[in-house]
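First the structure, in the form of structure tokens, and then the observations on it.
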There are 2 protein chains.
Amino acid sequence: MDKAGFIAAADRQCQQQGVKLTALRRQVLELVLAHEGVVKAYQVLADLQRERGIAAPPTVYRALDFLVEAGLLHKVDALNGYIVCSHVGCCHEGLILVCTACGSVNELEAAPALDTLRQQAAAQGFAIAQQNLLLTGLCQACRV
Amino acid sequence: MDKAGFIAAADRQCQQQGVKLTALRRQVLELVLAHEGVVKAYQVLADLQRERGIAAPPTVYRALDFLVEAGLLHKVDALNGYIVCSHVGCCHEGLILVCTACGSVNELEAAPALDTLRQQAAAQGFAIAQQNLLLTGLCQACRV
DNA sequence: TTTCAAATGTTACTATATAACAGCACCATT
DNA sequence: AATGGTGCTGTTATATAGTAACATTTGAAA
């Protein structure tokens, strides 16, 4: 999906959810979209400062939290970063593959795998929540 | 496994791997063992300072990195913390279930699930590395 | 006993994230 | 229009996490 299309889809999704994609949030989303792969909060902060003069960390973190909550971004804990959700509007659980060599990210549907894991966990009385699955490895280009 | 048993197993495992469980590393391991569930690096640092007077962050991070490398601890990225591996000597890939309500941790064998995921990823040309799988949810006690 | 490599100590710094409160914009009701 | 509430944003300060770079020690092999 191209950038404009993503923004449009984001608008629709926020409207559906009854939450507001404000100017600031949209600007932050655009800054994230402007990068390939994983983006760090402080990178977004720096970009935002270039565009608006000044900005403090909470401004960025709030917007990023909102976008994650709205299902538009995924937080990649292992890298302290964020990626654009490549399945906006259709999938709720992603299998996120991060290449440790080049940093590229690929998102697949994780629901089937998570169902299996859910059963395994349920056998221990553990109820796993809805979430993404992050795995690291080497992408096709970097496997050599 | 009790604490003493774990240390003994850790000794054996390090010897097998040809790496050294030095006094410092053992002390850090004991400090981690002294906690239930997830432990933070700076918590370990504080504990270490209580026991030895002074200690700086690199001291703790080096020891923790070593212990993770040796397969004795797992790093839990989502929580910026560490847990004791509950399958020392037998499993290399853990399915780590973290209860978001009480913070308790439960580690299962993840190899079968990861094999499936590995196949799914391989279909995209992605080779996932050996690793742990961290999932959050509610443990039996907290499900109500 | 010399010598090298690994481990640890030390200082300083960079990076990541949040608390707490202040101010503002919008809108709903009066 | 005034009132007041709610959610968003601004601002300051600080808490938490992690690493770079270099000095020093230690222990085992040559």
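Chain naming here is simple, since letters A, B, ... match the order of the sequence lines and numbering starts at 1 in each.
When the side chains of ILVMFWY residues are joined at heavy-atom separations under 4.5 Å, either directly or via intervening members, B:L24 and B:Y82 end up in a single hydrophobic cluster.
Side-chain N/O atoms of A:Y61 and base N/O atoms of C:dA19 include no donor-acceptor pair closer than 3.5 Å. Contact of B:R52 with C:dG9 (side chain to base): no donor-acceptor pair of N or O atoms is detected under 3.5 Å. Not a single donor-acceptor contact under 3.5 angstrom links the side-chain atoms of B:R62 to the base of D:dG18.
Of all nucleotides listed (C:dA17, C:dT10, D:dC8), C:dT10 comes nearest to the side chain of B:I54. Proximity note for B:L24 (side chain, C-beta onward) versus D:dG18, C:dT16, C:dT8: the nearest is C:dT8. Among C:dT10, C:dA7, D:dT12, the nucleotide with an atom closest to any side-chain atom of A:A56 is D:dT12. In the set C:dA7, D:dG18, C:dA17, D:dG18 carries the atom at the smallest distance from any side-chain atom of B:K75.
Using a 4.0 Å heavy-atom distance criterion, A:T59 is classed as a base contact. At the heavy-atom level, A:R25 lies under 4.0 Å from the strands shown only through sugar-phosphate atoms.
Interatomic distance, CG of B:L135 versus CD of A:Q131, reported as 4.5 Å (0.5 Å rounding). Note: A:F6 CZ to A:D11 CG = 11.0 Å, rounded to the nearest 0.5 Å.
As a whole-Å value, the separation of B:L45 CG from C:dG9 C1' is 13 Å. We find that CG of A:L79 is positioned 16 Å from P of C:dA15, with the value rounded to whole Å. We find that CG of A:L64 is positioned 15 Å from P of D:dC8, with the value rounded to whole Å. The distance from atom OH of A:Y42 to atom P of D:dT16 is 14 Å, rounded to the nearest whole Å.
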Residue pair B:R26, B:I7: steps toward the side chain to side chain contact (heavy atoms under 4.5 Å, CB included) verdict:
CA-CA 8 Å; B:R26 177 190 304 253; B:I7 297 281; 3.4 Å; yes
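Contact check, B:N80 against C:dT16: no side-chain N or O comes under 4.0 Å of OP1 or OP2. For B:K40, no side-chain nitrogen or oxygen approaches OP1 or OP2 of D:dT16 to under 4.0 Å.
Between B:D65 and B:L67, every side-chain heavy-atom pair lies at or beyond the 4.5 Å cut-off.
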